[in-house]
Visitor: 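Quick one: this structure, given as structure tokens, is what I'll be asking you about.
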Amino acid sequence: MVHKMKKGKHKIVKSFVLLFTMILIGVIGYIGITKQWIIQVKPYQLTMQNVEKQGEYERDFECLYKELKQNYSLLSYKEETLHFNFDELYQEYKNRLDQVDNDKAFYLLCSEYISHLKDGHMSFKQYEGTQRYGHPYTDDIVDAVAIREIDSKNIIVGNCIDAKYNGYEVKSINGIAFDTIVDAMMKVYYNSCFELGARQSIIAHHYLAYFDLFCENIPNKLIYHLEGPKREQDDIVLDSQKNYTKEVYYTSDINFGITCSEQPCYDVMDQIGYIRIDTFDVPKNKLIKTYEKALKTFEEKQVNGLIIDVRNNGGGNECFRTVVESMIHKPLTAPIIYHYKQSMRFKEIYPLRFLWDQLCSEKFNKEQETAYSEWRTWKMKEKKGDYFKNVPIVVLVNESIFSSTGSLVYYCKQNGLATIIGSNYAYSGGGLATKCILPSKKFMISYGMQEICTESGIPLENQAGEPDVQVTLTREDILNHHDAQLEAAKKYLWRLM
């Protein structure tokens, strides 16, 4: 009888252990698939207590201020380097709430308020299910005329009307000077880490938002007044009621970021391997597969140099490390380090973030700062094989690189992994974008809880970067279909062959 009882208890214990193991595996699997508590799965709903007497806009604005004050990782750095006091800035804009009488006016006020922080990772948007301000036209209209700032002029680099317009300057739209449109948008939209990049972003992607945000009525027709290279005058007229799906005329093969491929594109030209990476906002495994296939092709064809073109790459996630790892053949001497602001919000949203860090990074030996996590640096694995140890590498950049692309360029430049060719750029030093819905549930703020720094602890945010070889595209390049930056990279490598 005693033996049977012990045997029964043993079965119960085994069953309990098995059940516990299955539950544990399920939880781990769920976390692994959803990354719950490691990354943000859904926006966080903010609430405020004891503010019933306030109006909706006052409540939302106060909540926005407190959220950034308590949780934004770069706030102290921004106050110091950009020379403002966040509390005084809050009071200034709070006093302007008396003039706000509709949602669009509140949206504009808050967008202007956070633009003072000059953080391309920060954004103020409407929450899902409400009207989206700043998107007055279809993608057909938005993509019909591609403009970039070149030689301090707003030059068409691609359009769907006529190839002859490429190289023309846009002087005005519907009688409003184009520079006036861009200047107005710069006050409410800062999608970069320095002035030139932010301006180029508006010119390339967001200038049409002006007609929704700053005009009483959204025009059905857009009249672009142009000036040609010989001062000839002409107009392009776009009708929002029409579809513009015909062939688009681009300026040769110059990389202006007009199209964006999710996977790297590669080719071999004159014994030089060329690979263009438009984005790091893709699953890491997909990028690794294509990138390694490209490197294998280059090795089989015995290329004598490698060009990695990341112009206009706005970043994404940490898969940029794949590119860095392909160049490493000795320990890095200048790593990037990061830490998190350990606020209550961080602990609520990311209680298991440390698990992700254990997998992707390692502890960095630097004194921990008050209210921040320990310092960490990304793990970088040395690439196997000797072929690329002796192949010179060029990385092509311009003012429109952002986020993790800047980290790639920093690693290359500071560790001597590649020669940087192109135009001036800047580094961004924030990450781990966190979305919070304001109490009205009409608006949402997104801001970073991660601070990225040099190994000495200097924040990378808003720090200017200069290429090793300065090459800026000109209007003549557009007219002659000449990618001067790519040609400079080729010539540089040919001299080393």
Side-chain angles (χ1 to χ4, degrees), residues 74 77-78 80-82 118-121 148-153 186 190-201 203-204 254-257 276-278 280 305-315 320 323-324 327 332-337 392-430 451-477 482-493 495-496:
L74 292 166
Y77 170 74
K78 294 286 187 177
E80 179 182 348
T81 57
L82 299 178
K118 298 186 185 302
D119 186 341
H121 284 110
R148 299 294 184 273
E149 186 173 68
I150 298 170
D151 286 344
S152 300
K153 297 182 183 295
M186 281 285 287
Y190 202 94
N191 189 29
S192 183
C193 42
F194 74 138
E195 295 295 310
L196 182 58
R199 190 173 184 85
Q200 194 73 284
S201 177
I203 293 169
I254 302 176
N255 180 8
F256 285 112
R276 193 187 83 210
I277 306 175
D278 294 336
F280 290 117
L306 175 60
I307 297 172
I308 302 174
D309 188 349
V310 294
R311 290 175 293 178
N312 310 295
N313 187 325
F320 78 91
V323 182
V324 177
M327 308 178 193
L332 295 173
T333 57
I336 289 175
I337 62 176
I393 300 173
V394 166
V395 175
L396 282 179
V397 302
N398 65 0
E399 65 280 352
S400 295
I401 68 168
F402 182 61
S403 194
S404 57
T405 307
S407 297
L408 163 66
V409 175
Y410 181 88
Y411 271 109
C412 291
K413 187 173 177 66
Q414 300 302 322
N415 293 280
L417 302 177
T419 300
I420 312 302
I421 294 179
S423 52
N424 290 340
Y425 56 93
Y427 300 111
S428 54
E451 183 179 40
I452 300 172
C453 302
T454 67
E455 62 177 326
S456 58
I458 299 173
L460 279 174
E461 178 77 359
N462 304 129
Q463 296 293 330
E466 293 185 0
D468 299 309
V469 180
Q470 179 80 239
V471 182
T472 304
L473 293 174
T474 67
R475 190 176 189 178
E476 285 301 311
D477 291 326
H482 177 244
D483 191 340
Q485 293 171 333
L486 179 58
E487 290 304 313
K490 289 183 190 176
K491 289 177 181 178
Y492 177 85
L493 292 173
R495 289 197 296 269
L496 299 177

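Here the structure is a predicted model, which is why all the values come from computation and not from measurement. Residue indices begin at 1 and follow the sequence shown.
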Visitor: Look up atom CZ in Arg475 and atom OG in Ser152, then write down how far apart they are to the nearest 0.5 Å.
Guide: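 So the gap between those two atoms works out to 12.0 Å.
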Visitor: Is the shortest side-chain heavy-atom distance between Val310 and Phe320 below 4.5 Å?
Guide: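 Val310 does not reach Phe320 side chain to side chain.
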Visitor: Answer yes or no: are there more than 12 heavy-atom neighbours, outside Tyr77 itself, under 6.0 Å from its atom OH?
Guide: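 Counting neighbours around OH of Tyr77, more than 12 heavy atoms of other residues, nucleotides or ligands fall under 6.0 Å, so yes.
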Visitor: Write out all pairs satisfying salt bridge (charged side-chain N to carboxylate O under 4.0 Å, His left out) with one or both partners inside residues 464-474, taking only residues at least two apart or from two chains.
Guide: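 Only Lys413-Asp468 qualify under salt bridge (charged side-chain N to carboxylate O under 4.0 Å, His left out).
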Visitor: Let me see the working for Asp483 and Asp477 under side chain to side chain contact (heavy atoms under 4.5 Å, CB included), right down to the final yes or no.
Guide: CA-CA 6 Å; Asp483 191 340; Asp477 291 326; over 6 Å; no
Visitor: Below 4.5 Å, heavy atoms only, C-beta onward: do Pro392 and Thr419 meet side chain to side chain?
Guide: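 A side-chain contact under 4.5 Å is absent here.
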Visitor: Return the set of residues passing salt bridge (charged side-chain N to carboxylate O under 4.0 Å, His left out) with Arg199 (not counting sequence neighbours), or none when no residue passes.
Guide: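 For Arg199 the salt bridge (charged side-chain N to carboxylate O under 4.0 Å, His left out) partners, ignoring immediate neighbours, are Glu149, Asp179, Asp183.
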Visitor: Donor-acceptor pair, distance only, cut-off 3.5 Å: does the side chain of Asn312 make one with the backbone of Asn255?
Guide: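 Flag set: sc Asn312 to bb Asn255 pair under 3.5 Å.
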Visitor: Side chains of Thr405 and Tyr425, heavy atoms from C-beta outward: is any pair under 4.5 Å?
Guide: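 Sidechains of Tyr425 and Thr405: no contact.
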Visitor: Taking C-beta and beyond as the side chain, do Asn462 and Cys193 meet within less than 4.5 Å on heavy atoms?
Guide: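 Yes, at least one pair of side-chain atoms sits under 4.5 Å.
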Visitor: Rounded at 0.5 Å granularity, tell me how far CG in Leu417 sits from CD1 in Ile393.
Guide: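 Reported value, rounded in 0.5 Å steps: 7.5 Å.
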Visitor: Taking it one step at a time, do Lys153 and Asp151 satisfy salt bridge (charged side-chain N to carboxylate O under 4.0 Å, His left out)?
Guide: CA-CA 5 Å; Lys153 297 182 183 295; Asp151 286 344; over 6 Å; no
Visitor: Could you tell me whether the side chain of Asn313 reaches within less than 4.5 Å of the side chain of Val397, counting heavy atoms only?
Guide: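 Counting from C-beta outward, Val397 and Asn313 never come under 4.5 Å.
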Visitor: To the nearest 0.5 Å, how far apart are OG in Ser423 and CD1 in Ile420?
Guide: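 The OG atom of Ser423 sits 12.0 Å away from the CD1 atom of Ile420.
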Visitor: Report the residues that fulfil salt bridge (charged side-chain N to carboxylate O under 4.0 Å, His left out) with Glu195, sequence neighbours left out, ordered by chain and then residue number.
Guide: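 So Glu195 forms a salt bridge (charged side-chain N to carboxylate O under 4.0 Å, His left out) with Lys118.
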